[in-house]
Amino acid sequence: MEDCLGRTASLEELHHEVESLFLREFGCKPDSVVYAPGRVNIIGEHTDYNDGFVLPMALPLVTMMAGKRIESNVVNVVTGGKDVTTRLTPGSPKDICVSFPVPDPKQERRDGAQRIPDVEWANYVKGVLVNYKRLCGAFNSAIVSTVPLGGGLSSSAALEVATYTLLEQLFPIDHPVTPVEKALACQEAEHVYANVPCGIMDQFVSVMATENHLLCIDCESMRVTQVPFQNPHVVVLITNSNVRHNLGSSEYPVRRQQCEAASKAMGKRSLRLCTLEDLEAAGIEDETIKRRAHHVISENARVQQAIESLKTTDYYRLGALMNESHASLREDFAVSCPEIDLLVDIAQRQPGVYGSRITGGGFGGCTVTLVKRSHVDDLMKAIYDGYASPERRPNFYVCNASGGAAVFNTGT
Ligand code: GLA
């Protein structure tokens, strides 16, 4: 079971790895090294695109990028890494280098027709270049990451935000953009170049998180509040189911449409503005639409209660809300799956566990569990025993709330 415990490489280790990769590929040292974190959402799922509330935290799992400007009209990006990283191109044991012409934002189409074929991850880099505040020139870059791919921990937002942070170093802007503008530019890159109509949560937290805090985002006003979240006796355990059902990408836009249909039926701009009383009064006949709305409206209320519970460090209350959130996502929003339900079910029955739920977009990926530090080893063992089989094994990450994107400075 020991090898299921994901080791969170230190920034120094990653720095060493990304510099070596850069040197190997481009024959010199980079000028700048930056990183951006993945995230886990504690509560507030599928509420961001309904103008609601979310409460994620940034992870010590990050994507790191090294870069240097060059005299050319081509961007060269290499990804690889040896020991401590997740590969951006799954299954490939080799370093992979992608080159593409420096994009001209005026020539790029809003439908993302100029996507780079075959190498999915390179589109996130290109998409950010197109949405960067000023015209970029050519550069070389190396990427390593410890954020598991497709695990619902926002590996894509980490790559987008790392790219933007690198561009800020290589092609500085006279009047730097605000953190909100930066996050929105990265979200736009994902909409157009990955064709995922995501909300704002992942990019906001990757840009704006601070250590030892959850980030409460009001997705209507786009105002963020840092919520203190630090206790030496309590930890967040992430369990990666290592399953991902294809349904995820097709069902996400469907959920968005169902939510829009529900708010329209209630005559409101978004579900954020609706109450459970409105839902009852609207007499929506389509049971599916009604359930989707019920999840979002009740989940927004749970986020508010979670923030209250944290003011008095009432982890039992917070855990109960997480359990309720899972039930609502499973029953009303229908974005869970048997593997995730099993992980949550095992966790919720273990001593020392406050609460456990699915996290992220759904249909596989990870669960998030709030647990007493003294019980986390026994918890991992119980999950492993109940979940692992010849076909599947879980991965574990014991995490603290980390900071947002930053420049890596040696010796700091
Ligand atoms: C994905 C999206 C987010 C959010 C979550 C669900 O992670 O990228 O914007 O909608 O799903 O809460």
Side-chain angles (χ1 to χ4, degrees), residues 36-59 61 63 120 124 127 147-161 180 183-209 214-220 222 224 238 240-241 244-245 247-260 270-272 292-293 295-300 302-303 306 321-322 325-326 328-330 332-337 340 357-368:
R39 63 97 187 95
V40 67
N41 190 15
I42 299 296
I43 198 161
E45 215 68 82
H46 290 277
T47 44
D48 62 349
Y49 54 82
N50 289 297
D51 284 353
F53 298 94
V54 291
L55 199 56
M57 72 179 209
L59 297 175
L61 306 168
T63 293
E120 212 35 66
Y124 296 98
V147 190
L149 288 190
L153 302 180
S154 282
S155 52
S156 52
L159 178 55
E160 291 147 14
V161 174
V180 167
L184 291 177
C186 292
Q187 182 205 24
E188 179 67 12
E190 179 138 357
H191 281 184
V192 177
Y193 282 82
N195 203 17
V196 177
C198 61
I200 62 172
M201 167 169 68
D202 308 344
Q203 293 80 8
F204 265 54
V205 66
S206 189
V207 173
M208 289 170 243
L214 303 180
L215 190 75
C216 174
I217 310 167
D218 176 337
C219 300
E220 187 182 45
M222 297 196 190
V224 301
I238 295 171
N240 191 345
S241 67
R244 165 127 327 258
H245 297 286
L247 265 182
S249 46
S250 53
E251 285 299 301
Y252 189 88
V254 172
R255 293 295 178 283
R256 280 195 80 137
Q257 286 154 14
Q258 290 168 333
C259 291
E260 278 158 29
S270 72
L271 284 180
R272 150 72 172 273
R292 304 297 187 251
H295 164 70
V296 175
I297 296 169
S298 60
E299 185 79 350
N300 274 329
R302 280 188 286 273
V303 177
L321 291 163
M322 290 169 72
S325 168
H326 184 75
S328 177
L329 286 156
R330 187 187 59 216
D332 285 343
F333 218 65
V335 288
S336 192
C337 60
I340 290 285
R357 59 183 282 278
I358 187 172
T359 188
F363 302 101
C366 293
T367 64
V368 56

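One-based numbering, in listed order, for ligands and for the atoms of each. This one's a predicted model, so the numbers in the text were calculated from it and none came from an experiment.
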Worksheet entry | Taking atom 2 (C) of ligand 1 as the reference point, the nearest protein heavy atom with its distance | Y252 OH, 3.4 Å
Worksheet item: Near Y49, which atoms of ligand 1 are under 4.0 Å from a heavy atom of that residue?
Response: 10 (O)
Worksheet item: Is R39 touching ligand 1 with its side chain, its backbone, both, or neither, if touching means heavy atoms under 4.0 Å apart?
Response: side chain
Practice prompt. Applying side chain to side chain donor-acceptor pair (under 3.5 Å) between Q203 and each of E188, Q187, E160, report the one that passes.
Written response: E160
Worksheet, complete the sentence: Taking only non-hydrogen atoms of C198 and a 4.0 Å limit, the atoms of ligand 1 in range are 2 (C), 8 (O), 9 (O)
Worksheet entry | Heavy atom of the protein closest to atom 8 (O) of ligand 1 (residue, atom name, distance) | D202 OD2, 2.7 Å
Item to complete: Pick, from E45, R255, E299, the option with the minimum heavy-atom distance to atom 6 (C) of ligand 1.
Response: E45
Worksheet item: Which atoms of ligand 1 have any heavy atom of G199 under 4.0 Å away?
Response: 9 (O)
Practice prompt. Compare all side-chain heavy atoms of I340 with those of T367 and state whether any distance is below 4.5 angstrom.
Written response: yes
Worksheet entry | Side chain proximity check, C219 to V54, heavy atoms < 4.5 angstrom | yes
Practice prompt. Hey, can you tell me if Y252 and Y49 have their rings parallel, tilted or perpendicular (30° and 60° cut-offs)?
Written response: perpendicular
Worksheet, complete the sentence: The salt bridge (Lys or Arg N to Asp or Glu O under 4.0 Å) partners of E220 (sequence neighbours excluded) come to R269, R272
Worksheet item: With distance as the sole criterion, is a donor-acceptor pair present between the side chains of R302 and S325 under 3.5 Å?
Response: no
Worksheet item: If you count the atoms of ligand 1 from 1 in the order shown, which ones are under 4.0 Å from a heavy atom of G361?
Response: 7 (O), 11 (O)
Item to complete: Going by heavy-atom distance to atom 9 (O) of ligand 1, choose the closest among N50, I43, D48.
Response: D48
Item to complete: Check for a donor-acceptor pair, side chain of N41 on one end and backbone N or O of G360 on the other, with a separation under 3.5 Å.
Response: no
Worksheet entry | For atom 5 (C) of ligand 1, closest protein heavy-atom neighbour | M201 CE, 3.8 Å
